[in-house]
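Below is one structure, written out as structure tokens, with a few remarks after it.
Sequence lines set the chain letters: A, B, ... in the order given, protein chains first and strands last, and positions in each chain run from 1. Since we're looking at a predicted model, the values are computed, not measured.
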Amino acid sequence: MLDLKMIRQETDFVKEKLATRGIKAEEIDELLALDQQRRDLIVKSEGMKATRNQVSDEISQLKRNKESANDKIAEMQKVSKDIKALDEELVELEVKVQDKTSRLPNIPNDNVPIGLTEEGSVELRKWGDIRHFDFKPKSHWEIGEDLGILDFERGAKVSGSRFLYYVGQGARLERALYNFFLDQNQEAGFKEVLPPYMVNAASMYGTGQFPKFTEDVYKLEDEDEILIPTAEVPLVNYYRDEVIPAEKLPVRFTALSPAFRSEAGSAGKDTRGLIRLHQFNKVEMVQFTKPEDSWEALEMMTNHAEELLKLLGIPYHVITLTTSDMSFTAAMTHDLEVWLPFQDRYREISSCSNTTDFQARRAHIQYRDENGKLQYVNALNGSGLAVGRAVAAILENYQNEDGTVTIPEVLRPYMGGAEIITKED
RNA sequence: GGAGAGUUGGCAGAGUGGUAAUGCAACGGACUCGAAAUCCGUCGAACCGGCUUAUACCGGCGCGCAGGUUCAAAUCCUGUACUCUCCUCCA
């Protein structure tokens, strides 16, 4: 969430920056008009409350002296009634102001390419040689089904579309990957955490999914519990409504969790394979830093995620998303995209974002600076990495003409020493 | 799922209708060569608003949260969250 005072004081700057994310200047003007009304009401109401407090004190004195206070009491009855009416009006306005403010996206960093589509994204760097195949490469779902390690049919029968079973070496490969990721992340300084997979609405608000993106998630009926769309939610909310001791910063977490997504609005897209599922595993990284350290932390985290792909030997490139392609909370996002031979294109496997103080302000995560003043931390998140998509990338990039798949060397210790995936019985 | 107890400032802990004791910690000062001890003072600078370049200052709010009763609520009423104990259940 943006600071309302900042919107008030630097209105032109905010308008200009948010325009690049599709927010019209009129929306800001409406917000500020409501805010002005709100403040006017506060002045009125608080003035009356001050009177009431003063007179109440006098009543108390009179009663103590056993004198009559009836006329003052009658007077205050009227005042209290008026205050109540004003406060009701005020609450309505505050809800409106809060709602409007919480629907504004973060201010993009100056280095973010401006664009209203994903077209303008900038390629930062590229790594790895794209493999030349002597045969026609198969899709990962075809490879997986032929080997008997991915079972989409039974996934659909038992759960529905966009669900699957990993079987045998497939399940083992998935487990190998996330253990590998977790181990690497720990070595890079991220503390391993195993978070809850259901969170309450307040947590969803804290990380910015709510109130705007409620239709994208799965909510339990009759309960205030939502299936997490990413471990970012429980990891960032770990410190919600807390003050982190300054000496602990930066705090770095990593966690494996399933991610549940309704994929509303993406009907027809990526209907086959591991790319777009209602449930997939992801190893997530989250960092809390002092504001002055967050940009360096973003580069560090992006580089670390890249390192994972280098170790796996999968070609990728890094792009910086445009102002409107970034997620709501981000001030800047680097996406890592891996090469998928069958699709003949790069696909996202990691998204690393600096949300600056946007999430911290929503979730009230603070620290005390050198002067003892409370400040909001900066929060960052990044995938390290999406596990299902990593499986897809390995199957497609490491496939052999006979339909088997070579296991990347770094994963072999996690696969009981196996070097190749062959057909399951 | 059932029963009971609890939730007050950084911590401990009083307070059952008249507007948040006290102790510790912290901060400022005195004493001291310096420190400790002692003494004096400040202390919910969490938040919101007014006035301000900014402080200061003034006011609101503030006793888990949300409502209600009342001229007045930490105190009374209702709902709710969380914690602990016991029972039940269970991996």
Side-chain angles (χ1 to χ4, degrees), chain A residues 1-11 13 31-102 194-206 210-211 219-226 234 237-249 357 360-377:
Chain A
M1 185 155 58
L2 300 179
D3 182 6
L4 188 55
K5 275 187 191 146
M6 191 262 289
I7 300 175
R8 212 144 64 198
Q9 285 161 6
E10 297 167 57
T11 310
F13 168 78
L31 171 64
L32 289 179
L34 284 172
D35 179 51
Q36 186 58 52
Q37 285 181 44
R38 175 184 142 263
R39 280 150 62 216
D40 291 345
L41 267 185
I42 286 175
V43 171
K44 255 201 222 170
S45 164
E46 288 191 350
M48 290 166 79
K49 280 175 186 169
T51 309
R52 183 177 66 183
N53 286 343
Q54 209 181 318
V55 177
S56 278
D57 215 32
E58 291 166 19
I59 292 171
S60 164
Q61 289 295 328
L62 288 172
K63 292 233 169 193
R64 220 168 282 156
N65 300 333
K66 305 258 191 306
E67 291 174 48
S68 165
N70 289 343
D71 48 340
K72 281 189 194 294
I73 288 176
E75 192 188 329
M76 283 309 102
Q77 278 174 337
K78 166 93 173 67
V79 170
S80 276
K81 214 174 144 192
D82 292 346
I83 289 174
K84 202 173 172 184
L86 273 182
D87 278 354
E88 271 167 23
E89 214 178 314
L90 184 58
V91 165
E92 266 179 53
L93 272 171
E94 274 173 347
V95 167
K96 274 190 206 164
V97 168
Q98 162 74 16
D99 187 65
K100 275 197 185 296
T101 311
S102 69
L194 203 156
Y197 299 156
M198 293 185 228
V199 297
N200 53 34
S203 297
M204 292 294 276
Y205 180 86
F210 284 5
K219 189 176 185 318
L220 296 197
E221 205 172 354
D222 300 328
E223 297 212 38
D224 180 26
E225 299 291 353
I226 296 103
N237 280 283
Y238 183 85
Y239 281 121
R240 175 152 56 83
D241 298 323
E242 290 191 37
V243 176
I244 305 178
E247 65 272 16
K248 281 188 127 175
L249 295 173
D357 60 359
R361 181 170 287 107
R362 284 179 164 247
H364 305 293
I365 305 172
Q366 299 170 305
Y367 76 101
R368 281 186 200 281
D369 65 17
E370 311 77 52
N371 304 319
K373 267 202 85 159
L374 285 171
Q375 304 279 2
Y376 289 108
V377 301

Below 3.5 Å is the cut-off: list the nitrogen or oxygen pairs between protein and nucleotides 63-67 of chain B, distance only.
none

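- Against RNA chain B, the stretch residues 78-90 of chain A makes heavy-atom approaches under 4.0 Å through A:Ser80, A:Lys84.
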Report, one pair per line, the protein and nucleotides 58-60 of chain B atoms (nitrogen or oxygen only) whose separation is under 3.5 Å.
| unit_1 | atom_1 | unit_2 | atom_2 | d |
| --- | --- | --- | --- | --- |
| B:rG59 | N2 | A:Glu46 | OE1 | 2.7 |
| B:rG59 | N2 | A:Glu46 | OE2 | 3.3 |
| B:rG60 | OP1 | A:Asn53 | ND2 | 2.7 |
| B:rG60 | O2' | A:Glu46 | OE2 | 3.1 |

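- Taking the P atoms as reference points, B:rA45 lies 26 Å from B:rU53, given to the whole Å.
- Atoms CG (A:Asn70) and C1' (B:rU70) sit 15 Å apart, rounded to a whole Å.
- For A:Tyr367, the ring-ring contact (aromatic ring centres under 6.0 Å, His included) criterion is met by no residue, not counting sequence neighbours.
- One P atom belongs to B:rU38, the other to B:rA46, and the distance between them is 29 Å to the nearest Å.
- Here NZ of A:Lys219 is found 7.0 Å from CZ of A:Phe210. Values are rounded to the nearest 0.5 Å.
- RNA chain B contains the following stems of three or more consecutive Watson-Crick or G-U pairs, with both distances under 3.5 Å: B:1-7 with B:81-87, B:10-12 with B:22-24, B:26-30 with B:38-42, B:47-50 with B:57-60, B:64-68 with B:76-80.
- For A:Asp3, there are no side chain to side chain donor-acceptor pair (under 3.5 Å) partners at least two apart in sequence or on another chain.
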Protein and nucleotides 73-75 of chain B: nitrogen or oxygen contacts under 3.5 angstrom:
none

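- For A:Glu67, the side-chain contact (heavy atoms from CB on, under 4.5 Å) partners two or more places apart in sequence, or in a different chain, are A:Leu62, A:Asn65.
- Mapping A:Arg38 and A:Ser60 onto RNA chain B via the closest heavy atom, the residue that lands nearer the 5' end is A:Ser60.
- Put simply, A:Lys72 has no side-chain N or O that comes within less than 4.0 Å of OP1 or OP2 on B:rA72.
- Distance A:Gln375 CD to B:rA45 P: 16 Å, rounded to the nearest Å.
- Using a 4.0 Å cut-off between charged nitrogen and carboxylate oxygen, A:Arg39 and A:Asp35 count as a salt-bridge pair.
- Heavy-atom distances to RNA chain B give each of A:Met76 and A:Asp57 a nearest nucleotide, and the one nearer the 5′ end belongs to A:Asp57.
- At the heavy-atom level, A:Lys44 lies nowhere under 4.0 Å from the strands shown.
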Side chains of residues 83-97 of chain A: which donor-acceptor partners sit under 3.5 Å, not counting sequence neighbours?
| unit_1 | atom_1 | unit_2 | atom_2 | d |
| --- | --- | --- | --- | --- |
| A:Asp87 | OD1 | A:Ser45 | OG | 2.9 |
| A:Asp87 | OD2 | A:Lys49 | NZ | 3.0 |

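- A search for side-chain contact (heavy atoms from CB on, under 4.5 Å) contacts involving A:Pro211 returns A:Asp99, A:Ser102, A:Arg103, A:Tyr205, A:Arg362, not counting sequence neighbours.
- Scored by the side-chain contact (heavy atoms from CB on, under 4.5 Å) test, A:Gln77 finds A:Ile73, A:Ala74 as partners (sequence neighbours excluded).
- Looking at residues two or more places apart in sequence or on another chain, you find a ring-ring contact (aromatic ring centres under 6.0 Å, His included) between A:Tyr238 and A:Phe253.
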